[in-house]
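The structure presented is a predicted model; accordingly, all values stated were derived computationally and were not measured.
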There are 2 protein chains.
Amino acid sequence: MTQTTRRPTRQRRAVAEALATSPEFHSAQQLHAHLQREGTKIGLATVYRALQAMSDDGDVDVVRTDDGESLYRSCSTGHHHHLVCRGCGRAVEIEGPAVERWATRVSDEHGFVDVEHTVEIFGTCQDCAD
Amino acid sequence: MTQTTRRPTRQRRAVAEALATSPEFHSAQQLHAHLQREGTKIGLATVYRALQAMSDDGDVDVVRTDDGESLYRSCSTGHHHHLVCRGCGRAVEIEGPAVERWATRVSDEHGFVDVEHTVEIFGTCQDCAD
DNA sequence: CACTACTTCGATAATGGTTGTCAATCCAGC
DNA sequence: GCTGGATTGACAACCATTATCGAAGTAGTG
């Protein structure tokens, strides 16, 4: 937790950029493949480490698919949720103040502390529906 | 998909009972170990199959932990969500009509179809907080 | 009961995403 | 240029889950 010294390296920058240039969710493996194709020399383990670090710092959102894969996506800071297309992976950032209030109220009622919640909506977007 | 004939076997019953007697979430591996300890002869693969079948039929709830493990819990039928304790795994079933409405509204707005959503709240319950 | 057509079981091997290992490498400051 | 800690990357190890496949159970029928 105590933010050990983190050095900005070529590899980390590459991962961050790859994420920043796409509004969609990507798996670590996809990102790794993409970077290699682009000519960036980077190891798979490093991609995982970079993503983990960014996730710890709150710079990326992480979503788990049903088959246990982790998807990453750069996120504007602030709390929000996602509407994700099963087909193309496109994601829409959504907000729901009502949901936030509801979540805290429910947890309060049951005496839960240190609470966090995940709200993800999966569906098929218009383009992929045909 | 067309609900092939499903036979109620000794093994399936065992899994169903093990789930029914506990209000907490358990992993497939835990259940398997538990059953074996109890003297029930059952294979791990069978436990997975049974859980999958029950999940398909909507008889159990499935939750994914952060480290990719699936947790199962018998559930009263009907759509609902969970408030899960990180410490002891105890789960409280919660309902939120408001959330349901919000989810469908948001997906409609963005033209998404065939939509499903997951809402899970994780926290620490009173007993585990000390 | 015998026969048959299926489903189900279970031991084991395979899968596949993720994480650990560890020597080589890089970088910052002296 | 040296030195020490952070970082990297190739590869092995992990581990939950899934596939495989021969064996065994189970209606249903006559």
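If you take CD1 of A:Ile42 and P of D:dA10, they are 10 Å apart, rounded to a whole angstrom. Here C:dT25 presents its C1' atom at 11 Å from CZ of A:Arg10, a figure rounded to the nearest Å. In this structure, NZ of B:Lys41 is placed 15 Å from C1' of C:dT8, rounded to the nearest angstrom. Between the CG atom of B:Leu35 and the P atom of C:dG10 there is a distance of 11 Å, given to the nearest Å. Rounded to whole angstrom, the span from the CZ atom of B:Arg12 across to the C1' atom of C:dG10 amounts to 14 Å. Distance NE2 (B:His32) to C1' (C:dT12): 13 Å, rounded to an integer number of Å. If you take CG of A:Asp67 and C1' of C:dT18, they are 14 Å apart, rounded to a whole angstrom. In this structure, CD of B:Gln11 is placed 14 Å from C1' of D:dA23, rounded to the nearest angstrom.
Taking hydrophobic clusters as Ile, Leu, Val, Met, Phe, Trp and Tyr residues chained together by side-chain heavy-atom distances below 4.5 Å, B:Val119 shares a cluster with A:Ile121.
At the phosphate of D:dG9, OP1 or OP2 sits under 4.0 Å from a side-chain N or O atom of A:Thr46. Remark: B:Thr9 is in phosphate contact with C:dC9, judged by side-chain N or O atoms under 4.0 Å from OP1 or OP2.
Heavy atoms from other residues, nucleotides or ligands lying under 6.0 Å from CD of B:Glu93 number more than 12.
Looking at every heavy atom in both residues, A:Gln36 comes nearest to A:Ile42 through NE2-O, 3.0 Å. Looking at every heavy atom in both residues, A:His80 comes nearest to A:Ile94 through CB-O, 3.5 Å.
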- Item | Contact state string [nucleotides 15-20 of chain D, B base, S sugar-phosphate only, - no protein heavy atom under 4.0 Å] | -SBBBB
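With hydrogens and angles disregarded, no donor-acceptor distance shorter than 3.5 Å links the side chain of A:Ser22 to the backbone of A:Ala18.
In this structure, A:His81 and B:Trp102 have perpendicular ring planes: the angle between them is above 60°, well past the 30° mark.
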